[in-house]
Amino acid sequence: MSQVVNAGFPLLTATAVLPAVGAIVTAAVPAARRTAAKWLALLVSLATLVLAMVVLVRFDPGGDRYQMAESHAWIKDFGVRYELGVDGIAVALIALTAVLIPFIILAGWHDADPLETKSKRWRPTQGFFALILAVEAMVILSFEATDVFLFYIFFEAMLIPMYFLIGGFGDRAHTHGDEAAATQRSYAAVKFLLYNLVGGLIMLAAVIGLYVVAGNFSLQEIAAARANGSLDMATSTERLLFLGFFFAFAVKAPLWPLHTWLPNAMGEATAPVAVLITAVVDKVGTFAMLRFCLQLFPEASKWATPAILVLALISIIYGALLAVGQRDIKRLVAYASISHFGFIIMGIFAMTSQGQSGATLYMVNHGISTAALMLVAGFLISRRGSRLIADYGGVQKVAPVLAGTFLIGGLATLSLPGLAPFVSEFLVLVGTFTRYPVIGIIATFGIVLAALYTLVLYQRTMTGPVKPEVSAMPDLRVRELVVVAPLIALLIFLGVYPKPVTDIVNPAVGHTLSDVQKQDPKPEVEAAK
């Protein structure tokens, strides 16, 4: 596991520091200059996107496992180093994050404008956009960190800006000024924070335990010592440490039964913040399963695989069933995401190249498809002022472009062939079936349920007689089209031609399978008689 320390420009640090500095500057903009703060945040996110694209271009899929590495002493007495490095999986997710943040900012352009309510709450515009940039910086650093303690710091630190984004900037469809709406937002924010803090505290105990056993926090040094036999970890110790890490990642992912914070958080947050939660922040959990659980604890990962696959399967079916029964548009998307994360985790622990490549590709594709669907849903909700499905009907007759983009986002969610999620879901199912056929067969029912909740949602909101409340609904505006059109273009492009992403992630998947000493099952071919 070679690590070449980058002696040149610290590109990875710059990619994370730029949005962090942008967050500070945006927050410092005078209150009277709200529009300037918005444009500043957008420009910083676009500059971060440029740096992320440079990282993507400079990354060599056939090169070292971790590239553009940086390593500096930090807390010498405890063996903590500032170590960064990216593999193909991290590069793909950094690119996803950097692509989505400008669209999140544009979609939320007016979501934090000052709002007088009965509770006299004021919504500081600068703070809203500064918090989004802060989350971007912490997520990117989480993808880049190869020091376990450094990763833990940013894994936990991102909870703080997310807490304020959920609790302080609620969905305007639910903010008619009453105290009940504020109470619901506070409940959702506190629940999000408590669930993730508990997971983080358990992980902290595991991080300390790992240091006691290994003597340092370097991911690459510990993994290399495990591989060459110089670090002999007792089976019981490895399993306990694995469970400590996995629990925190399963909360973040979210995996059933640790998922209950997500519907509340997504339901009470603005649509752009809901996208930030499920399309960006939650990906840190599934990414960390690949980077830390499988690489640091290979034997424990194989030991826990049957139980994790069952939990993932429950997430797939349970999330889809609850999505079918939802009356709230945003909560429907939240439960659909729980189902999709079940597919991702199932692909990771299928321990096959198709499964893990599909899971990584699914992380990217789910981020794009959920962003497209949720942001269009947010535009719809902002027009009507209601999240309830029953309050809509006949929208396609008065706002055909909005309805059309909503349909494409929905079809991507149900993994229609030709759109990006289909390829990743197919790979996950194939990779799972080759090793665990029963699990793979049952998981396919999640696809049927996805078609049901997506098409029923579209039918109830967009078709039928035009309800009087939506008869004057305007179609998508230019800013909204700028947000949605590129996401739809990406869904179509990656649905037809996913090779640019798979070429980047496949070598990293090969390394991960090597860590757990797994190979793809050989096809059972009946001998010719």
Side-chain angles (χ1 to χ4, degrees), residues 1-18 47-72 81-99 139-147 150-151 218-224 227 283-284 286-288 290-292 294-296 348 352-365 367-368 420 423-424 427 490 493-494 497-516 518-520:
M1 295 189 182
S2 59
Q3 179 182 7
V4 180
V5 178
N6 181 15
F9 178 73
L11 182 57
L12 298 185
T13 294
T15 307
V17 167
L18 179 59
T48 304
L49 174 59
V50 171
L51 287 179
M53 292 302 104
V54 174
V55 172
L56 181 64
V57 170
R58 288 190 57 183
F59 182 78
D60 177 13
D64 292 332
R65 182 172 187 176
Y66 294 105
Q67 300 178 30
M68 292 166 271
E70 304 171 30
S71 182
H72 307 282
R81 298 185 62 82
Y82 177 79
E83 284 189 353
L84 306 180
V86 289
D87 60 2
I89 299 170
V91 167
L93 293 176
I94 289 171
L96 170 70
T97 302
V99 166
V139 169
I140 289 175
L141 273 170
S142 297
F143 291 142
E144 294 175 345
T146 56
D147 181 278
L150 181 68
F151 168 83
S218 174
L219 169 68
Q220 297 187 74
E221 290 182 16
I222 297 172
K283 298 301 186 300
V284 177
T286 47
F287 163 81
L290 280 165
R291 171 167 281 191
F292 295 99
L294 270 62
Q295 192 170 346
L296 293 175
I348 292 171
T352 60
S353 59
Q354 300 98 327
Q356 291 191 353
S357 293
T360 305
L361 186 60
Y362 212 145
M363 292 185 220
V364 175
N365 293 338
I368 300 169
V423 181
S424 44
L427 286 173
L490 280 172
F493 175 77
L494 292 177
Y497 190 64
K499 189 173 183 293
V501 180
T502 56
D503 283 349
I504 292 173
V505 304
N506 282 345
V509 166
H511 288 303
T512 303
L513 287 176
S514 177
D515 291 334
V516 293
K518 283 282 191 177
Q519 296 180 345
D520 290 333

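In terms of heavy-atom proximity, Met363 sits nearest to Leu96 at O-CD2, 3.6 Å. Ala508 and Ile89 get closest at one heavy-atom pair: CB-CG1, 3.8 Å. Considering every non-hydrogen atom in both Gly358 and Ser424, the closest pair reads O-CB, 3.4 Å. The minimum heavy-atom distance linking Ala420 with Leu494 is given by the pair CB-CB, 3.7 Å. Counting all heavy atoms, side chain and backbone alike, Val284 lies closest to Ser142 at CG1-CB, 4.0 Å. For the residue pair Gln295 and Ala223, the shortest heavy atom distance occurs at NE2-CB, 3.6 Å.
A tilted orientation is assigned to the rings of Phe151 and Phe292, their planes being inclined by 30° to 60°.
To the nearest 0.5 angstrom, Ile94 atom CD1 is 15.0 Å from Lys283 atom NZ. From Leu12, atom CG reaches atom CD of Glu83 across 12.5 Å, with rounding to the nearest 0.5 Å. Remark: Ile368 CD1 to Leu490 CG distance equals 5.0 Å, nearest 0.5 Å.
The side-chain heavy atoms of Ile140 and Thr48, taken from C-beta on, include a pair separated by under 4.5 Å. Counting heavy atoms from C-beta on, the side chains of Glu144 and Thr15 come closer than 4.5 Å. Two residues are said to be in side-chain contact when any heavy atoms from C-beta on lie closer than 4.5 Å; Thr13 and Glu70 meet this criterion.
The closest donor-acceptor contact from the side chain of Arg291 to the backbone of Phe143 lies under 3.5 Å. Under a 3.5 Å cut-off, the side chain of Asp60 and the backbone N or O of Gly62 do form a donor-acceptor pair. Remark: the backbone N or O of Gln354 is not paired with any side-chain donor or acceptor of Ser357 at under 3.5 angstrom.
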Where do Leu93 and Val364 land on the side-chain contact (heavy atoms from CB on, under 4.5 Å) test, with the steps shown first?
CA-CA 7 Å; Leu93 293 176; Val364 175; 4.3 Å; yes
Please lay out, stage by stage, how Leu84 and Leu150 fare under the test side-chain contact (heavy atoms from CB on, under 4.5 Å).
CA-CA 9 Å; Leu84 306 180; Leu150 181 68; 3.9 Å; yes
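Residues satisfying the side chain to side chain contact (heavy atoms under 4.5 Å, CB included) criterion with Thr512, sequence neighbours excluded, are Arg65, Leu290, Leu294, Gln356. Listed by chain and residue number, Leu361, Leu427, Pro498 satisfy the side chain to side chain contact (heavy atoms under 4.5 Å, CB included) test with Val423 (two or more places apart in sequence, or in another chain).
Under the 3.5 Å distance criterion, with hydrogens and angles disregarded, no donor-acceptor pair is assigned to the side chains of Tyr362 and Thr286.
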